Amino acid sequence: MPEPPQDQPALPFSIEKISPAYAYEHLQVFMLEKQEEITDEQYLPLQEAMQQKKVRIKETGTVNQLSIDNLSNQPIYIQSGDIVKGGKQDRTLAYDMIIPPKAKNVPLNSFCVEQGRWRKRGQEAVDQFGSNEYMLSSKELRMAARYHGNQSQVWNEVSATQRKLSLNLSKSSTDTVIVSDSRSGSSLQLSLENKDLKQAQEEMSRKLKPLLTQHPQALGVAFAINGEIYGVELYNQRALFEAMWPKLLQSMITEALATSTQEQCEMLNQAKVGQYLQETKKELKATKEFALGKGASWKTEENQQGYLRFTVEDKKQGNWVHQSFMKRDNSQTVLPILPDSLRIDPARGQQLPANLRNPRRN
């Protein structure tokens, strides 16, 4: 249930209203509203483009670079953190991209979200990718890919996410839950497809998914877990926000399931979210700014307090399309230690993959 309405804080950027908090356990969701859209450009989101066979994402032989062909007459929108399944390894795409109509062989910066495999998996194509149904599901993963650009950190955070999910899901289940998959134990994609995880997500999704229709002027969302804001996503048009909402919500719920604690914490209100947004605009300085092919340009900005703003701009339209806000955390991820009951998968009677095994103690 939402909190009682609060006085609206002074809001930065193009946000005009913050909804009351909608909470499910330690996850809070705030819808960000605006009266007018910036553009009516009809972008085709990557997930829809792949479902409709209007795009082809291909292996290039280089681990951290893929290639994309737009087979449609619309610009295709890719969001940083989108995961593509298949190829020689599942990948996440590093930056927001806008792929012009009929563009061919456009380079895509990527990171592996799977270790060890460099061959065909099951019936999947080995030279290209088949679907995009998920995006990165933790703040640390988004930072590792989008901000640090570090493959080793991405792998480390995939392992941390798998461990956290296995631990938390096991606590709330009568059975041991291990989200890694025997087909490829290190694959984040396959872990996100886990049936126990999907079952745990179901009730939260059912209650929070209608927020989109309940707030017809919403163009973005802020979310908090355990009383801490984990991210803000803002779009320049309703249609694009509607298209991205299912994946965004799924990612937020997955992160909440992995990181929620049993401890009491102070929940946030609209004023706290407004204050966070105000802090993100203070003395921002661009630290990265570059073109992404002919369709888009990317900018990373940050300030001394550690607040970050990532912006992608449509070169043709001359407008920003998506802005993402986060706060930098300089602490290093410590891989959770799995109890003995989670070191062996009882369903398969086999040892966990190497990336999930506990480190040796001296």
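Remember, predicted model here, so these are calculated numbers, not experimental data. One-based numbering along the sequence shown. Hydrogens, waters and symmetry mates play no part in the numbers below; they use all other heavy atoms, side chains included.
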Residue pair [X] / [Y], side-chain donor-acceptor N/O under 3.5 Å:
{"X": "Glu41", "Y": "Gln317", "value": "yes"}
{"X": "Ser180", "Y": "Gln162", "value": "no"}
{"X": "Lys247", "Y": "Asn132", "value": "yes"}
{"X": "Gln79", "Y": "Tyr235", "value": "yes"}
{"X": "Gln189", "Y": "Glu193", "value": "yes"}
{"X": "Asn70", "Y": "Ser72", "value": "yes"}
{"X": "Asn64", "Y": "Gln151", "value": "yes"}
{"X": "Glu114", "Y": "Ser186", "value": "no"}
{"X": "Asn105", "Y": "Lys58", "value": "yes"}

How about [atom1] on [X], more than 12 heavy atoms from neighbouring residues, nucleotides or ligands closer than 6.0 Å, or not?
{"X": "Lys209", "atom1": "NZ", "answer": "no"}
{"X": "Lys85", "atom1": "NZ", "answer": "yes"}
{"X": "Gln214", "atom1": "CD", "answer": "yes"}
{"X": "Gln52", "atom1": "CD", "answer": "yes"}
{"X": "Lys104", "atom1": "NZ", "answer": "yes"}
{"X": "Lys120", "atom1": "NZ", "answer": "yes"}
{"X": "Asp40", "atom1": "CG", "answer": "no"}

Worksheet item: Which heavy atom of Ser110 sits nearest a heavy atom of Leu93, and at what distance?
Response: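 What the structure gives for the nearest pair is CB-CD2, 4.1 Å.
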
Practice prompt. Could you pull out the closest heavy-atom pair between Ser80 and Asp96, with the gap in Å?
Written response: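 Taking every non-hydrogen atom into account, N-OD1, 2.8 Å.
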
Salt bridge flag under 4.0 Å for residues [X] and [Y]:
{"X": "Lys207", "Y": "Glu203", "value": "yes"}
{"X": "Lys164", "Y": "Glu157", "value": "no"}
{"X": "Arg328", "Y": "Glu302", "value": "yes"}
{"X": "Lys88", "Y": "Asp127", "value": "no"}
{"X": "Glu228", "Y": "Lys139", "value": "yes"}

Main-chain N/O of [Y] paired to [X] side chain as donor or acceptor, under 3.5 Å:
{"X": "Asn156", "Y": "Ser152", "value": "no"}
{"X": "Asn168", "Y": "Lys171", "value": "no"}
{"X": "Ser187", "Y": "Ser184", "value": "no"}
{"X": "Asn150", "Y": "Ala144", "value": "no"}
{"X": "Thr60", "Y": "Thr62", "value": "yes"}

Discussion item. So if I apply the side chain to side chain contact (heavy atoms under 4.5 Å, CB included) rule between Trp320 and each of Thr39, Asp314, Ile38, Val312, which one comes out positive?
Written reply: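 One option only clears the test, and that one is Ile38.
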
Do [X] and [Y] have side chains that approach each other closer than 4.5 Å (heavy atoms only, starting at C-beta)?
{"X": "Thr161", "Y": "Ser137", "answer": "yes"}
{"X": "Arg121", "Y": "Asp90", "answer": "yes"}
{"X": "Leu211", "Y": "Leu249", "answer": "no"}
{"X": "Ser205", "Y": "Gln250", "answer": "no"}
{"X": "Thr300", "Y": "Glu289", "answer": "no"}
{"X": "Asp196", "Y": "Val179", "answer": "no"}
{"X": "Leu32", "Y": "Val232", "answer": "yes"}
{"X": "Lys34", "Y": "Ile15", "answer": "no"}

Inter-residue atom distance [X].[atom1] - [Y].[atom2], 0.5 Å rounding:
{"X": "Glu233", "Y": "Met135", "atom1": "CD", "atom2": "CE", "answer": "7.5 Å"}
{"X": "Leu240", "Y": "Gln42", "atom1": "CG", "atom2": "CD", "answer": "12.0 Å"}
{"X": "Leu165", "Y": "Ser170", "atom1": "CG", "atom2": "OG", "answer": "10.0 Å"}
{"X": "Gln128", "Y": "Leu66", "atom1": "CD", "atom2": "CG", "answer": "11.5 Å"}
{"X": "Leu169", "Y": "Thr176", "atom1": "CG", "atom2": "OG1", "answer": "11.5 Å"}
{"X": "Glu37", "Y": "Asn319", "atom1": "CD", "atom2": "CG", "answer": "12.0 Å"}

Practice prompt. Please step through side-chain contact (heavy atoms from CB on, under 4.5 Å) for the pair Thr92 and Asp82, ending with a clear verdict.
Written response: CA-CA 5 Å; Thr92 184; Asp82 272 341; 5.8 Å; no

Give the cluster check for [X] versus [Y]: same hydrophobic cluster or not, with ILVMFWY residues linked at side-chain heavy-atom distances below 4.5 Å.
{"X": "Phe111", "Y": "Val63", "value": "no"}
{"X": "Ile78", "Y": "Tyr147", "value": "yes"}
{"X": "Ile76", "Y": "Leu71", "value": "no"}
{"X": "Leu190", "Y": "Met50", "value": "no"}

Worksheet item: Can you check whether Phe241 and His322 have ring centres sitting under 6.0 Å from each other?
Response: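 No, ring centres 6.0 Å or more apart.
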
Worksheet item: Glu33 and Ser19: side-chain hydrogen bond (donor to acceptor under 3.5 Å, both in side chains), yes or no, with the steps?
Response: CA-CA 8 Å; Glu33 300 184 8; Ser19 79; 5.9 Å; no

Item to complete: Run the numbers on Val154 and Cys112 for side-chain contact (heavy atoms from CB on, under 4.5 Å), then give the verdict.
Response: CA-CA 8 Å; Val154 171; Cys112 298; over 6 Å; no

Worksheet entry | Counterpart residues, side-chain hydrogen bond (donor to acceptor under 3.5 Å, both in side chains), relative to Arg56 (two or more places apart) |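 Checked Arg56 against side-chain hydrogen bond (donor to acceptor under 3.5 Å, both in side chains); matches are Asp69.
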
Worksheet item: Does NZ or CZ of Arg146 fall inside the cone over Phe310's six-membered ring, less than 6.0 Å from its centre and within 45° of the axis?
Response: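 Judged by the rule, Arg146 and Phe310 form a cation-pi pair.
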
Discussion item. Between Glu301 and Lys299, is the side-chain contact (heavy atoms from CB on, under 4.5 Å) condition met? List the steps.
Written reply: CA-CA 6 Å; Glu301 300 167 279; Lys299 182 187 290 186; 3.4 Å; yes

Practice prompt. Sort and list the pairs that fulfil ring-ring contact (aromatic ring centres under 6.0 Å, His included) and have at least one residue in residues 112-137, not counting sequence neighbours.
Written response: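 Listed by first then second residue: nothing to list.
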
Fill in: Residue pairs fulfilling ring-ring contact (aromatic ring centres under 6.0 Å, His included) with at least one residue in residues 77-101, sequence neighbours excluded
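Applying ring-ring contact (aromatic ring centres under 6.0 Å, His included) to every pair that reaches into residues 77-101, excluding sequence neighbours, yields Tyr95-Phe290, Tyr95-Trp298.
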
Worksheet item: Where do Gln305 and Thr280 land on the side-chain contact (heavy atoms from CB on, under 4.5 Å) test, with the steps shown first?
Response: CA-CA 9 Å; Gln305 289 71 43; Thr280 63; over 6 Å; no

